[in-house]
Structure formats: C-alpha cells, structure tokens
Amino acid sequence: MVSSLTFGMLFAIAFRQGLTKTERKARKLLCIYFVLMSFIWLYMQLYIFYGTTLKYFAPLIGFILQINQVIFYHFIRILSPIDKNGPKHIEFHYMTPLVLLLASGVFMISYIFTEQLSDNAIATLFLPYVYLSSLFFSLYYSILSARRIILYKKRIIKEYGEEKWKPMRWMELVMWLRVILAVLFGIKFYMYGFMAGVISIQQIIIVYYMLMKSYTIFPFGEKNALLVGGGEIITVYNEQLHEDPNIQEELKKEVQLLSRSEFEDYYKTYKPYLNLSFKIIDLVEYFKINRTYLSGFINQVYGVNFSQYNNLWRLKEMEYLQSLPEHEGKNQEELALLAGFNSPRSYWRAKKMAEQTKTN
C-alpha cells in the first residue's frame, strides 16, 4: 500500500517538473521499482488465501525480488557517476535474474509433471529458494550500492568540496536503511513488522528528496564543451582533443549536451520567460551546462544575449495573448505584464529593438 501511494505520487507530481534526460531515466527506474514492490505486496496478501495456486509462481516472485535489487542499484549508479562509462554494462546485472528465472521455471515445470512428488514438495523446495536468492541479491547489491555512494562522495568532496555533497547526504541514510532491511530479512522470524516500517521510511525519504531534486549529478572527468555546426553543444574529453587534431568529425559521436531543438522545446513547453525571476542560472541548472558555454550558445545560434532571447519569446506571447477573445479590450500595457515583461516600458523597448533588427 505504501509502495502504491509512493509511485503514484511520483507519477502525478515528478513528471510535471522540468527534468534532464538523466533525471527522467532515474525516476523511471524508481517508478518501475515501486510498481514491482507493490506487486510483491499484493502477492503476499493473496498467498494467504490462494497459496495452493500461487505457489506455482514462486520462480516469478523470486525473479521480481532479484530484479528489483538490480533496478535500485541501477538507480543509484545514475545518481552517482564515478567513471566515464556511466551505467555501461549494467545489462549484465539484469541477465543473472533472467537466467535464474529460466532455470527455476524449467525446474518447476519438471516438478509439476513428476507424479511421484506431491504438491507440498513444490513449496518445500521453491519457497526457500526464493528466500535465499532474494537475501543474497539484497546483500550483494546493498554492498555494491554502498560502495558506489562512498566512492562518489569521495570524488565530490575532492573535486568540488564538502559543501557540494550536502544535497546527497540522504543517500547515505537510505543505504543504512537498506543494510538494516537486509539484516532483518536474514533474521526473518518475527521481523516482518519492522521490515515494513523500514521500507516505508526508506521510500518516503527517496521520494521526498527526488521530488525536491536534492542531488548533484556531476559529469566525470575534465571536459571541453564545443559549439559545432547546426547549433549544438558537444562535450569531449581533453585527452581526445590532444590525441586527434582532426576531432571535428569525431565530435558528432560524442555526448551531446545541448541541441537547438532541445533548447527551444524547453521554452515552448515550460515558458520560463513568464517568470520575472527567471535567470540564466536556472538554465544552467536544468541543462547541466557551464554558464559561459550556454551564454555563447545563445549568442552564436540566435545572435542575441540571454535577456534579448527571452524578450523575443515574450513578444511571441504578446501576439498569442492578443489573439485570444478573452483579452479583447485589454490595453497592451496589461498584456505586456501577462507576457512576462516586468513593465510596459520594457515591452516597448523590446518591440522597438525587434523591429529594428528586422529592418536591418
């Protein structure tokens, strides 16, 4: 029930926020994790009444418990990049639960069609398998996740100072709770009530801090961001620049930090220019790009500075507002404020500048 409420809230609120590609991927993984947790909860409740039938699904339940540990570890890896490859080779972690599902599924089918064995043998064999395999995955991926967080913390403090780690402290608490949960799961007897409490606290912490965007995802290594044809900011590693003097063609194969279409889609979707407190630092935070690079991108691609670029969008907004029937009869000074201008004077000044640019 707690899981259902958690991922439901995540779907309803989180995806309305302006998110980077990395953030969207992390939250999608988290949502899958919560959905699978809810499925396990439902299975446990139904097993009390339909155990004779549901015991045949033991391999599937074991798989879900195993794969959920991998998913959570994948989520942690995205939030804590410590190498160039990022979550590269993560697919191998997903293969192990799939292989175990296939093997246990074949084993289950062979048991069903073995007449000498009773139905009780299925529960006797497979339920301990589900428990022990889940315990192993829980301990193993808790250790991997804890190690990942420790390494990322060291990297952040070393490169940027301890102040930059503060938004990520909640991850340490979550990992302690996961360790406690694994220990309680190992003890097993009379611990299910405590486990439910630990899971609830863990999920509340994760959802709250993810919704508050209380994390810092720094790119790995020393990079240069270059503006290339077509209006895109591309990032390359310094060692690549030194090794290949003809890097321009290879740039297209590297990580794209920002494209013209992505930049304009952000303005069309979220209309940040309507907010009087909107500053270039907000764009820097959203796109995770150096302020100098971003300012140069706007200047080179659009031929204006940040303030002038926002005014161009506000002028478009003015045209849209003037076309609406409900604004008929309102003077331009009123509409200018609705379009994001801080005063009618700034609207007239922006309009005059736009007209002069067209004339030239």
Side-chain angles (χ1 to χ4, degrees), residues 1-12 28-76 93-94 96-109 111-112 117-142 145 174-207:
M1 185 175 180
V2 170
S3 298
S4 299
L5 291 173
T6 304
F7 79 76
M9 182 170 61
L10 198 66
F11 270 119
K28 284 178 182 177
L29 284 171
L30 201 55
C31 288
I32 294 171
Y33 174 81
F34 288 138
V35 169
L36 293 180
M37 286 287 289
S38 300
F39 183 83
I40 292 297
W41 171 266
L42 179 62
Y43 177 87
M44 291 174 64
Q45 304 313 305
L46 294 177
Y47 192 88
I48 299 171
F49 306 100
Y50 306 102
T52 53
T53 301
L54 292 179
K55 64 185 177 184
Y56 295 103
F57 293 90
L60 176 62
I61 297 306
F63 166 75
I64 293 175
L65 287 168
Q66 295 159 11
I67 204 75
N68 231 18
Q69 298 300 323
V70 178
I71 289 171
F72 192 84
Y73 171 62
H74 191 178
F75 164 73
I76 292 296
H93 290 272
Y94 286 97
T96 303
L98 287 170
V99 171
L100 290 175
L101 174 63
L102 180 62
S104 58
V106 171
F107 207 37
M108 171 68 79
I109 293 172
Y111 256 65
I112 292 174
L117 296 171
S118 66
D119 286 345
N120 292 331
I122 293 176
T124 302
L125 179 65
F126 282 95
L127 294 185
Y129 157 73
V130 171
Y131 168 71
L132 292 174
S133 65
S134 302
L135 177 61
F136 171 78
F137 271 77
S138 178
L139 289 171
Y140 179 70
Y141 282 102
S142 291
S145 299
V174 166
M175 288 317 306
W176 275 112
L177 291 173
R178 288 189 70 80
V179 171
I180 293 172
L181 184 62
V183 172
L184 293 176
F185 192 57
I187 297 174
K188 189 177 179 180
F189 298 106
Y190 310 111
M191 292 296 172
Y192 293 115
F194 291 106
M195 288 170 62
V198 172
I199 290 173
S200 301
I201 294 171
Q202 176 185 269
Q203 291 177 350
I204 290 170
I205 292 172
I206 292 171
V207 172

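A distance of 9.0 Å separates CD1 of I199 from CZ of R178, quoted to the nearest 0.5 Å. Taken to the nearest 0.5 Å, the CG atom of N68 stands 12.0 Å off from the CZ atom of F137. Taking CD1 of I180 as the start and CE of M195 as the end, the distance is 12.5 Å to the nearest 0.5 Å. Taken to the nearest 0.5 Å, the CG atom of L29 stands 11.0 Å off from the CD1 atom of I76.
In this structure, the ring of F72 has its center less than 6.0 angstrom from the ring center of F75.
The shortest distance between side-chain heavy atoms of L127 and Y47 falls below 4.5 Å. In this structure the side chain of L177 reaches within 4.5 angstrom of the side chain of I205, judged on heavy atoms. Using a 4.5 Å cut-off on side-chain heavy atoms (C-beta onward), Y33 and I206 make no contact. Annotation: side chain of L54 is in contact with side chain of Y43 (closest heavy-atom distance under 4.5 Å).
Other residues, nucleotides and ligands place no more than 12 heavy atoms under 6.0 Å from the OH atom of Y50. Atom CZ of F57 is surrounded by 12 or fewer heavy atoms from other residues, nucleotides or ligands within 6.0 Å.
Listed by chain and number, the residues in a side-chain contact (heavy atoms from CB on, under 4.5 Å) with F39 are I61, I64 (sequence neighbours excluded). Residues passing the ring pair (Phe, Tyr, Trp, His ring centres under 6.0 Å) test with Y73 are H93, Y141, sequence neighbours excluded.
A donor-acceptor distance shorter than 3.5 angstrom exists from the side chain of S38 to the backbone of F34, with no hydrogens or angles considered.
Screening I40, L135, L60 against L65 for a side chain to side chain contact (heavy atoms under 4.5 Å, CB included) leaves a single residue, I40.
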